[in-house]
Novice: 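There's a structure below that I have some questions on.
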Amino acid sequence: LTAREPVDLATLRQQVEDLAARPPVDLEPLRQEVQALAARPTVDQATADRLEQLAADAEAATAPLNQAADEAEARLAEAEARAADLRAAADEAARRARTAAAASALGTAIQTGAPREAALTQLQEAGVTPPPALTVEVPTLEALAAEFPPAARAALRAELRSDAASGRGSALGNFLRAQTGARSVTPHEGSDADAVLSRAGAAVDRGDIAAALKELEALPAPARPAMEPWIARARAHADAAAAIGALTAPSAAEATAEAAAPAATTPTQAAAAAEPAPAAPVAESTHTAPVVEPVQTAPSESAPAAATAPV
């Protein structure tokens, strides 16, 4: 026999002592878990299939209920949205009614020259910022009609002097017409100052200041300075009237709906209905002498055949 190497028994003895010193393993929890598993009832395949079928039937039975609930919720949301639209429409109708009332009051104040502070406050309370054209001085239609004849005569004299200075027309006729202030009061065609002023004056007499301003755009340059003060005041009146019409004009959506409805009113009709009727213009004959024939002494070569009014 060959000699064996000596075994280190001290090391082995230490390992055995270490193992012996370890605490014992508690197997009780594992034992209880095994017993619990063993105590569970056994479910056969038929029972399992039956349980699955019952679950499927329950899901199928609740599906219509869930659908009905979803539909009810959608109808409720739609009703709430419709109610909100109706409330918004009612609020807008009330606002437009207050705006129309304020616009009517402003129109009356402008036509009569009455104070506008209360109407402007009413407009602000309706949630509308007053347009600048309604917050400045605005002459009445009656005042504009009274101021037109003297301004027109001054403008005609200015053109006659210009014609005389430049050698146009009859010098004597131009002088006499400038001295008498005779001008046409019957509207007629032509591009001279007398013709333009006759058409503008007719527009003023019928209360159409916007049309008068349009006619005066063609006024010859020599006559324009004398008419500028009247034109500025007339433009303030026309701007105020346009601002009042804009306050009561329907919105784009309302205009579309009105155009589609046969019985609906047009935006122009709506604005006309809201704006008060203009005061009757002061006829020129109440401020000047009666209409007479043109001056017979050396009439101007370009003088129209229409009736004229002396100073």
Novice: Can you list the residues that meet the side chain to side chain donor-acceptor pair (under 3.5 Å) rule with E33, with sequence neighbours excluded?
Specialist: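 With sequence neighbours excluded, E33 shows a side chain to side chain donor-acceptor pair (under 3.5 Å) to no residue whatsoever.
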Novice: Nearest 0.5 Å, please: how far is OG1 in T99 from CG in L106?
Specialist: 10.5 Å
Novice: What is the minimum heavy-atom distance between P131 and L123, and which atoms define it?
Specialist: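 Of all heavy-atom pairs spanning P131 and L123, the closest is CD-CD2, 4.2 Å.
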Novice: To the nearest 0.5 Å, what is the distance between CD (E92) and CG (D85)?
Specialist: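 With rounding to 0.5 Å, CD (E92) is 13.0 Å from CG (D85).
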Novice: Could you report the tightest heavy-atom contact between V196 and G190, atom names first, then the distance?
Specialist: CG2-O, 4.2 Å
Novice: Calculate, to the nearest 0.5 Å, the distance between atoms CG and CG belonging to L219 and L213 respectively.
Specialist: 11.5 Å
Novice: Measuring from D194:CG to R153:CZ, what's the distance to the nearest 0.5 Å?
Specialist: 12.5 Å
Novice: Going by the ring-ring contact (aromatic ring centres under 6.0 Å, His included) test, which pairs reach into residues 198-230, not counting sequence neighbours?
Specialist: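 Sorted pair list: F148-W230.
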Novice: Where do D192 and P220 come nearest, in terms of heavy atoms and distance?
Specialist: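 Reported closest heavy-atom pair: C-CG, 4.1 Å.
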Novice: Enumerate the residue pairs fulfilling salt bridge (Lys or Arg N to Asp or Glu O under 4.0 Å) with a member in residues 130-140, sequence neighbours excluded, ordered by first and then second residue.
Specialist: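 Listed by first then second residue: E137-R233.
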Novice: List in chain and number order the residues that pass salt bridge (charged side-chain N to carboxylate O under 4.0 Å, His left out) with E125, two or more places apart in sequence or in another chain; answer none if no residue qualifies.
Specialist: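 Residues passing salt bridge (charged side-chain N to carboxylate O under 4.0 Å, His left out) with E125: none at all.
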Novice: Kindly give the heavy-atom pair with the smallest separation between A145 and V204, and that separation in Å.
Specialist: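 Smallest heavy-atom distance, with atoms named: CA-CG1, 3.7 Å.
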Novice: Quick one: CD on E117 to OG1 on T135, what's the gap to the nearest 0.5 Å?
Specialist: 11.0 Å
Novice: What I'd like to find out is whether the side chain of E142 reaches to under 4.5 Å of the side chain of T112, using heavy atoms alone.
Specialist: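 SC-SC contact between E142 and T112 ruled out.
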Novice: List in chain and number order the residues that pass salt bridge (charged side-chain N to carboxylate O under 4.0 Å, His left out) with R98, two or more places apart in sequence or in another chain; answer none if no residue qualifies.
Specialist: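 R98 satisfies salt bridge (charged side-chain N to carboxylate O under 4.0 Å, His left out) with no residue once adjacent residues are dropped.
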Novice: What is the minimum heavy-atom distance between L134 and I110, and which atoms define it?
Specialist: CD2-CD1, 3.7 Å
Novice: Taking all atoms of both residues into account, what is the closest heavy-atom pair of A155 and L197, and its distance?
Specialist: CB-CD1, 4.1 Å
Novice: Who pairs with R116 by salt bridge (charged side-chain N to carboxylate O under 4.0 Å, His left out), at least two apart in sequence or on another chain?
Specialist: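 Partners of R116 by the salt bridge (charged side-chain N to carboxylate O under 4.0 Å, His left out) criterion come out as none, since no residue qualifies.
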Novice: Under the salt bridge (Lys or Arg N to Asp or Glu O under 4.0 Å) definition, can you give me all pairs with a residue in residues 209-222, not counting sequence neighbours?
Specialist: R199-E215, K214-E217
Novice: Does Q53 have any side chain to side chain donor-acceptor pair (under 3.5 Å) partners at least two apart in sequence or in another chain, and if so, which?
Specialist: D57
Novice: Heavy-atom distance under 4.5 Å between the side chains of T248 and R96, does that happen here?
Specialist: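 No, their side chains stay 4.5 Å or more apart.
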Novice: Can R224 and I231 be said to form a side chain to side chain contact (heavy atoms under 4.5 Å, CB included), step by step?
Specialist: CA-CA 9 Å; R224 178 166 289 277; I231 290 174; 3.8 Å; yes
Novice: Excluding sequence neighbours, so at least two apart, what forms side chain to side chain donor-acceptor pair (under 3.5 Å) with T129?
Specialist: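 For T129, no residue satisfies side chain to side chain donor-acceptor pair (under 3.5 Å) once neighbours in sequence are set aside.
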Novice: Distance from L216 atom CG to R235 atom CZ, nearest 0.5 Å?
Specialist: 9.5 Å
Novice: Between Q111 and T140, is any pair of side-chain heavy atoms under 4.5 Å apart?
Specialist: no
Novice: Could you check whether any side-chain heavy atom of D91 comes within less than 4.5 Å of a side-chain heavy atom of R95, counting everything from C-beta outward?
Specialist: no
Novice: What pairs meet the salt bridge (Lys or Arg N to Asp or Glu O under 4.0 Å) rule with one or both residues in residues 66-84, with sequence neighbours excluded?
Specialist: E78-R82
Novice: For E52, what residues pass the salt bridge (charged side-chain N to carboxylate O under 4.0 Å, His left out) criterion, not counting sequence neighbours?
Specialist: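 Not a single residue meets the salt bridge (charged side-chain N to carboxylate O under 4.0 Å, His left out) criterion with E52.
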Novice: For H237 and P139, indicate whether the former's side chain and the latter's backbone hold a donor-acceptor pair under 3.5 Å.
Specialist: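 Side chain of H237 to backbone of P139, a donor-acceptor pair under 3.5 Å: yes, one is there.
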Novice: Do S104 side-chain atoms and A101 backbone N/O form a donor-acceptor pair below 3.5 Å?
Specialist: no
Novice: For D49, give me all partners under side chain to side chain donor-acceptor pair (under 3.5 Å), at least two apart in sequence or on another chain.
Specialist: Q45
Novice: Is there side-chain contact between L247 and V128, with heavy atoms separated by less than 4.5 Å?
Specialist: yes
